[in-house]
Amino acid sequence: MTSADYVGRFAPSPTGHLHFGSLLAAMASYCDARSQGGSWLVRIDDIDPPRAMPCATTLIPRSLIRYGFQWDGEIVFQSARTQLYQQHLLSLCKKNVLFLCHCTRKELIGHANYPGTCRQHRVEKIPEPNGQSALRVLINANVAFDDLIQGPQSFIVGAHFGDTVVVRRDDLFSYALCCAVDDADGISHVIRGSDLLPTTGVQVRLMQLLGLNIPTYAHIPVALNADQQKLSKQTLADPIDEMPVLPTLLRAWQFLGQTELNVHSVESFWQAAIAAWRLSRVPNCQSQEQ
Ligand code: GLU
């Protein structure tokens with residue numbers, strides 16, 4: 001692979017401030033891309049307005065700049081790409097793998113994976129939104145891929161994953177569909193938290209069904225708080241904006257298993273980090289305490 005072929009990305013959802021867990025995903029994807037001379041894009045996954053925090057789309061780039069990240073090109077917004085998602089939805093429809101699902105959340109309680117209840121409601125054209133039913137895609141094959149950090153992964157239909165929602169009941173495209181379409185659109189490497197590993201199986205299957213290019217994946221361990229919970233907005237993770245930049249960068253670097261750096265400024269941190277980065281040093285566990 002030449003450096004021009006390496007395209008990494010960081011794809012936060014604008015649901016809150018960036019926290020230490022987000023910094024880890026940003027750092028790992030950035031260092032891996034830059035250390036191979038590749039490009040690094042920022043995509044804001046703003047496809048879910050009900051979950052969005054007003055002003056997060058302004059705050060996120062600001063935090064990235066404060067931490068010294070330099071992305072290539074313009075920031076991509078999923079909200080500007082709905083036509084593309086619609087085209088891919090049509091393409092799934094033509095493949096006869098979409099069905100209308102009327103199951104309520106309550107009916108699905110207790111099922112780790114979708115039990116296939118509505119599979120017989122196959123659609124031949126995209127139905128008008130009715131606020132009552134979601135559109136699901138039939139997941140009809142197992143998926144296997146090699147994760148650069150976590151090793152070989154396999155997802156068995158029914159056991160690890162099931163038919164997935166592509167258009168939600170509230171008529172919004174699902175994260176799984178949008179992310180699959182976007183990552184297959186010129187991204188060569190997806191480096192992100194291991195909490196997203198199960199979704200990767202679904203996304204790879206969607207890419208296969210759509211005949212798209214499948215990127216290389218690497219899933220880093222997610223950071224846990226002292227109560228062993230994943231850092232997130234729900235677990236009230238502190239915003240990185242409230243932390244001192246260089247010590248926080250060094251803490252993230254250490255979390256990612258990298259060799260100690262002796263640096264005294266943010267600029268020299270990135271210079272040294274990009275030169276010293278080794279993906280092979282990232283711990284191959286799915287989570288660890290921060
Ligand atoms: N936007 C999603 C999130 O922040 C997905 C991230 C990703 O795929 O890297 O959880």
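These values consider heavy atoms only, across backbone and side chains, with no hydrogens, waters or symmetry-generated copies. Ligands are counted one by one from 1 in listed order, and the atoms in each one are counted from 1 as well. Remember, predicted model here, so these are calculated numbers, not experimental data.
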Participant: Can you label the angle between the F69 ring and the W270 ring as parallel, tilted or perpendicular, going by 30° and 60°?
Facilitator: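 Aromatic pair F69/W270 classed tilted.
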Participant: Run F10 and L18 through side-chain contact (heavy atoms from CB on, under 4.5 Å) and show every step you take.
Facilitator: CA-CA 12 Å; F10 173 55; L18 294 185; 4.1 Å; yes
Participant: I'd like to check which ligand 1 atoms, numbered from 1 as shown, lie under 4.0 Å from a non-hydrogen atom of P12.
Facilitator: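 That gives atoms 1 (N), 4 (O) of ligand 1.
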Participant: State whether the shortest distance between N or O atoms of L196 and N or O atoms of ligand 1 falls below 3.5 angstrom.
Facilitator: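 Among all N and O atoms of L196, none is under 3.5 Å from an N or O of ligand 1.
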Participant: Could you identify the single nearest non-hydrogen protein atom to atom 2 (C) of ligand 1 and state the distance to 0.1 Å?
Facilitator: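 The closest one turns out to be S13 OG, 3.3 Å.
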Participant: Checking side chain to side chain donor-acceptor pair (under 3.5 Å) between Q78 and each of D46, D182, D48, which is the one that passes?
Facilitator: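 Exactly one option meets the side chain to side chain donor-acceptor pair (under 3.5 Å) with Q78, and it is D182.
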Participant: Any idea which atoms of ligand 1 are less than 4.0 Å away from a heavy-atom of C179?
Facilitator: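 Reading through ligand 1 atom by atom, the close ones are 8 (O).
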Participant: Show the atoms of ligand 1 that are less than 4.0 angstrom away from any heavy atom in D45.
Facilitator: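 The list of qualifying atoms is 1 (N), 2 (C), 5 (C).
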Participant: Tell me the protein heavy atom at minimum distance from atom 6 (C) of ligand 1, and give that distance in Å.
Facilitator: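 For this ligand atom, the closest protein heavy atom is A11 O, 3.3 Å.
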Participant: Look at D183 together with R43 and state whether they make a salt bridge at an N to O cut-off of under 4.0 Å.
Facilitator: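 Yes.
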Participant: With heavy-atom distances below 4.0 Å as the criterion, list the atoms of ligand 1 near R9.
Facilitator: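 Those qualifying, in numeric order: 7 (C), 8 (O), 9 (O).
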Participant: State plainly whether the residues D72 and R34 are in salt-bridge range, i.e. N to O under 4.0 Å.
Facilitator: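 Result for this pair is yes, salt bridge flagged.
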Participant: Output the list of atoms in ligand 1 that are nearer than 4.0 Å to some heavy atom of R192, sorted by atom number.
Facilitator: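 Here the atoms of ligand 1 in question are 7 (C), 8 (O), 9 (O).
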Participant: Any N or O of Y175 that comes nearer than 3.5 Å to an N or O of ligand 1?
Facilitator: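 Indeed, backbone or side chain, Y175 has an N or O that close.
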Participant: For the pair F145 and Y217, name the ring-plane relationship: parallel under 30°, tilted 30 to 60°, perpendicular over 60°.
Facilitator: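 If you compare the ring of F145 with that of Y217, the planes turn out tilted.
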Participant: Is it the side chain (CB and beyond), the backbone, both or neither of A25 that lies under 4.0 Å from ligand 1, heavy atoms counted?
Facilitator: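 Contact part for A25 vs ligand 1: neither.
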Participant: Hey, does the Lys NZ or Arg CZ of R251 hover above the aromatic six-ring of F20, less than 6.0 Å from the centre and inside 45° of the axis?
Facilitator: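 That pair qualifies as a cation-pi contact.
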